[in-house]
Amino acid sequence: MQNQDRTPLLDVLLTRAKREVTSFHTPGHKNGQGIDPRLRAFTGRNVYKLDVTVFPEVDSLHDPVGPIKKAQALMAQAYGVKYSQFLVNGSSSGNMAMLMAACHPGDSIILSRNAHKSTLSGIIMSGVWPIWIQPKVDQHLDIIFDSDAQQVEEALRRFPEAKAVFVTSPTYHGVTTDLKRIAELCHARGKLLLVDEAHGAHLKFHKDLPMSAVEAGADLCVQSTHKILSALSQGSVLHVNSDLVDMTRVRKVLSLLQTTSPNYFILASLDAARRQAVFHGQKIFGRLMRMADEARERINRLQHVYAVTQGEIRAKGYDLDVTKLTLNVTRTGISGHDIEHELAAHYGIQVDCADLFNLIAIMGIGTTRQDVDRLVSAMEDIDRKPVGREKNWVMQLPSLSTEMVMTPRDVFLQHRAKRVPLSKAAGHISAQTLTPYPPGIPVLIPGERITKEIQDFLLDLAHRDVRVSGQETDTLRSVKVVITR
Ligand SMILES: Cc1ncc(COP(=O)(O)O)c(C=O)c1O
């Protein structure tokens, strides 16, 4: 058992920074001496002394034998996994790595269509066939649910050849699925369970938060330590949690994906964030949960704004990380985007994101009671001046159980494409990804046959000028399809 109080990587960097080492290595700012004066005036010089390059004293991310190896081992011990790998390009690189490590070109993987866009990148990089599960769209709460155990069981029954199952839990809205049951279903059939737990690095540290992916039995899992714990942006971790995973392949894949000049400030912040969460997580997250509950209570006394509750989510067979505040604003008659703008412009508050219906306010290890109070007070203010229009848009999604004709990788690498009018798209193979917001789920993926239902859905969006990400043209009048002859 190692001592979780230690921070080997942080220590070595801090000790070195105090020594005033003369740098003839990259980066060119040389311990901050050459940093632009305006930037240095704001930050001070010390922070740049942590920005070093790979040399034996500070170890190498790609071939760790010293402090990075020790820091990763402490991370693995804290989460109770076999091996943890630090990531400096966020869970985005972790998602790609999980897919590439678990699958070979031509394998198939079961996943829900609401997966983060980095998952599609991973599908392209790994050359797998995606088997899509239709996400559930809740038109009352205006949020999306990832796969539940029943959907996974059904998909495994229909597609016994699938190599693995990929699940996002918690989702952006903080909703977790029954990972324990899903892990049992996977392992009973010799399949791997990969979990995008980008929003759940803190779950392990309080017993009243939903069960974490590795505790539930996920084989591989990625966490954005920067989202809720205190690592710097981009600082994330990939955990290997079973003997079913080939560790050498995980390391090789990460060597393909990660820079050879990792930012040591980010790496050291992962080391420090782990120590902080181990020793103070229980207290901090207990306090955050209480603050979030109080905020929810105050918000739910309002007339036009509504905070999604754990009870409602549990009634649907899922669970909620209560530190996430998803505020439904449809009854104000103002879009979530406009309220996001209003909060930023007039109240000095920035939420994590917004859609037509909701604002997502993420609480983190640094959130204070005053912060929560400011947010709730601003929402109370906004609630007093609704414009009172009825909700005229419902969150909807066509059937996405489409036929994959080519792998997304083959379309990306090999195929020539042409544009066809949207009204004539049905029957063609899509060469692009089209994602309408809301609900932020791709209705077209490269390699799948465009159905009449999806064509009509897109025509309707085009008619109403709804923004569709990936459309590549000013208006959505045509779609890029694969030239087959
Ligand atoms: C569900 C989910 N997965 C993965 C990511 C990517 O994480 P990162 O920003 O650490 O690359 C995000 C980012 O918001 C996300 O919401």
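Both counts, for ligands and for their atoms, begin at 1 and track the order of listing.
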Problem set entry | Test: K70 and D271 ion pair at under 4.0 Å | no
Exercise. Angle class for the Y48/H29 ring planes (parallel below 30°, perpendicular above 60°, tilted otherwise)?
Worked result: perpendicular
Exercise. Under 3.5 Å, N or O to N or O, is H226 touching ligand 1 that way?
Worked result: yes
For this session: Identify which of D196, N114, T119, N89 has a heavy atom lying nearest to atom 2 (C) of ligand 1.
Result: D196
Problem set entry | Distance filter under 4.0 Å to K227 heavy atoms, resulting ligand 1 atoms | 7 (O), 8 (P), 9 (O), 12 (C), 13 (C), 14 (O)
For this session: Just need the protein heavy atom nearest to atom 11 (O) of ligand 1, so name the residue and atom and give the distance.
Result: S92 OG, 2.6 Å
Problem set entry | Residue and atom name of the nearest protein heavy atom (relative to atom 8 (P) of ligand 1), distance in Å to one decimal | S91 N, 3.4 Å
Exercise. Does N95 approach ligand 1 within less than 4.0 angstrom via side chain, backbone, both or neither, non-hydrogen atoms only?
Worked result: side chain
For this session: Check ligand 1 against S236 and write out every atom of the ligand that is under 4.0 Å from a heavy-atom position of the residue.
Result: 10 (O)
Exercise. Would you call the rings of Y79 and F205 parallel, tilted or perpendicular if under 30° counts as parallel and over 60° as perpendicular?
Worked result: perpendicular
Exercise. Stepwise, does the side chain to side chain donor-acceptor pair (under 3.5 Å) test hold for Y172 with D352?
Worked result: CA-CA 10 Å; Y172 216 92; D352 197 63; 2.4 Å; yes
Problem set entry | Numbering as shown, the atoms of ligand 1 that approach S224 to under 4.0 Å (heavy-atom distance) | 7 (O), 8 (P), 10 (O)
Problem set entry | Part of A198 with heavy atoms under 4.0 Å of ligand 1, whether side chain, backbone, both or neither | side chain
For this session: Please indicate whether any nitrogen or oxygen in T168 is less than 3.5 Å from any nitrogen or oxygen in ligand 1.
Result: no
Exercise. Is E154 atom CD crowded by more than 12 heavy atoms from other residues, nucleotides or ligands, each under 6.0 Å away?
Worked result: yes
Exercise. Looking only at atom types and distance, does a side-chain atom of Q72 sit under 3.5 Å from a main-chain N or O of K69, one as donor and one as acceptor?
Worked result: no
For this session: I would like to know whether T435 and V468 meet side chain to side chain contact (heavy atoms under 4.5 Å, CB included); could you show each step before the answer?
Result: CA-CA 5 Å; T435 311; V468 177; 5.7 Å; no
Exercise. Should the pair D63-R251 be classified as a salt bridge under the 4.0 Å nitrogen-to-oxygen rule?
Worked result: no
Exercise. Any salt bridge between E153 and K191, counting N to O under 4.0 Å?
Worked result: no
Problem set entry | Ligand-residue contact atoms, ligand 1 with Y172, heavy atoms, under 4.0 Å | 14 (O), 16 (O)
For this session: Name the closest protein heavy atom to atom 16 (O) of ligand 1, giving the residue it belongs to and the distance to 0.1 Å.
Result: H199 NE2, 2.8 Å
Problem set entry | Heavy-atom nearest option to atom 5 (C) of ligand 1, drawn from Q223, E197, H116 | H116
